[in-house]
There are 2 protein chains.
Amino acid sequence: MKQVDDQLSHEIVEFYEKLSSWEASVVRGKGHSLAQIHTVEILGANGTMRMKELAEKLGITTGTLTVQINKMVNLGLVERMAHEQDKRSILVQLTTKGYEVYHEHDQLHHQLTHQITETFSDIERSQLLMFFQRINQGF
Amino acid sequence: MKQVDDQLSHEIVEFYEKLSSWEASVVRGKGHSLAQIHTVEILGANGTMRMKELAEKLGITTGTLTVQINKMVNLGLVERMAHEQDKRSILVQLTTKGYEVYHEHDQLHHQLTHQITETFSDIERSQLLMFFQRINQGF
DNA sequence: ATCTTTACTTTGACTATCAAACTAAATAAT
DNA sequence: ATTATTTAGTTTGATAGTCAAAGTAAAGAT
């Protein structure tokens with residue numbers, strides 16, 4: 001099924017491009033940068049995590065992240081916490097204000113999800129959910 | 001089915017985060033920037049297009065794109081062409097070298113697609129393809 | 001004809017990024 | 001135990017990416 005694989009790859013890239021573009025346009029001119037929203041998104045969805053983990057999920061180096069987190073601490077969006085088990089590590093977590101920004105942005109995601117699956121039946125939606133769960137596992 | 005919708009939204013965001021992170025790590029330290037690869041990806045997948053369209057798909061302003069395209073022209077990745085019907089518009093297209101970079105990167109996408117759908121049967125893969133096609137339509 | 005909108009460019013201020021050098025803690029090797 | 005190596009995070013200097021605003025020129029509307 002080489003044909004299906006090729007098309008699938010193409011559709012996934014297209015989906016990714018469209019999500020990126022949507023995200024950028026939704027974020028622009030709303031006070032926070034794309035990088036900041038991205039950080040809030042990840043912390044909101046996955047909870048407190050170490051700098052290293054966060055940098056990996058963001059796809060940036062830890063050096064870049066240090067600078068980014070400094071700014072976000074000053075903005076009151078996140079805070080640093082000591083890691084009790086490993087004193088080299090530092091935990092980053094959302095503040096109350098950070099959570100507010102997260103939930104606000106997450107609302108938009110829900111709207112988008114609703115929009116793009118408008119033509120899906122309940123059964124199809126469930127199938128789609130299972131597919132995404134399996135894909136995210138395999139990553 | 002509020003529950004399914006919530007989970008779906010969450011899984012889509014997770015999928016997006018993982019793709020971003022994968023893309024960044026694959027691109028870093030390979031000579032081209034993420035922004036450049038992103039541009040090559042879009043032009044490779046969709047063909048020649050106007051600055052305006054390209055900026056929208058990239059989720060950046062046309063001002064930013066002008067600077068970006070100037071650099072990429074200097075690098076020999078893309079070229080500008082006159083738009084015959086509308087003299088305000090300018091068409092951007094990949095050069096031969098640009099296509100090489102596109103195909104090289106696209107190979108990696110194929111590998112990733114194969115990896116993340118490893119547990120899928122042929123039938124499921126076809127279903128997934130149809131789902132993505134419908135989603136991309138609805139965007 | 002003139003006004004308005006649209007497509008693109010330019011510029012200045014700012015933000016994001018990396019790579020490399022550095023500090024400190026954890027782990028491995030001897 | 002000591003020493004060497006790896007790991008987590010920070011700092012810094014150079015470069016690249018970004019926006020908003022102002023400018024130019026063409027297209028479309030009145």
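Naming: A, B, ... by sequence-line order, numbering from 1 per chain.
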* Taking for each residue the nucleotide of DNA chain D bearing the nearest heavy atom, is the 5' side occupied by A:Thr66 or by B:Gln36? ->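 Result: A:Thr66.
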* Structure fact -> 5' to 3', nucleotides 20-30 of chain D under a 4.0 Å protein heavy-atom cut-off (B base, S sugar-phosphate only, - none) gives S-----BS---
* Asked: Salt-bridged, A:Lys97 to A:Glu100, with N to O below 4.0 Å?
  ->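 Answer for the salt bridge query: no.
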* Asked: By ring pair (Phe, Tyr, Trp, His ring centres under 6.0 Å), which residues pair with A:Tyr102, not counting sequence neighbours?
  ->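 By the ring pair (Phe, Tyr, Trp, His ring centres under 6.0 Å) rule, A:Tyr102 matches no residue at all.
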* Asked: If an axis is fit to five pairs at each end of the helix from C:dA1-D:dT30 to C:dT30-D:dA1, what is the angle between the two, to the nearest 10°?
  ->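 Overall, the helix from C:dA1-D:dT30 to C:dT30-D:dA1 bends by 30° from one end axis to the other.
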* **Sorted by number, the residues of residues 67-83 of chain B with heavy-atom contact under 4.0 Å to DNA chain D** =>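 Under 4.0 Å from DNA chain D: B:Gln68, B:Lys71.
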* **Contacting residues from residues 43-60 of chain A, given that a heavy atom lies under 4.0 angstrom of DNA chain D** =>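 Hits under 4.0 Å, by residue number: A:Arg50, A:Met51, A:Lys52.
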Only counting residues at least two apart or in another chain, list the ones meeting salt bridge (charged side-chain N to carboxylate O under 4.0 Å, His left out) with [X].
X        : result
A:Glu104 : none
A:Arg80  : none
B:Glu41  : none

* Please collect all ring-ring contact (aromatic ring centres under 6.0 Å, His included) contacts where either partner lies in residues 19-70 of chain B, sequence neighbours excluded, each pair once. =>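 ring-ring contact (aromatic ring centres under 6.0 Å, His included) check on residues 19-70 of chain B returns B:Trp22-B:His109.
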* To do: Considering only heavy atoms of chain A and a distance under 4.0 Å, specify the first and last nucleotide of DNA chain C in 5' to 3' order that meet this criterion.
  =>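 Nucleotide range in contact with chain A: C:dT15 to C:dA26.
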* Taking the hydrophobic residues Ile, Leu, Val, Met, Phe, Trp and Tyr, and joining any pair whose side-chain heavy atoms are under 4.5 Å apart, which ones share a cluster with B:Met81? ->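 Listed partners: B:Leu91.
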* Could I get the full list of side chain to side chain contact (heavy atoms under 4.5 Å, CB included) partners for A:Thr61, not counting sequence neighbours? =>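 Applying side chain to side chain contact (heavy atoms under 4.5 Å, CB included) to A:Thr61 gives A:Thr64, B:Arg28.
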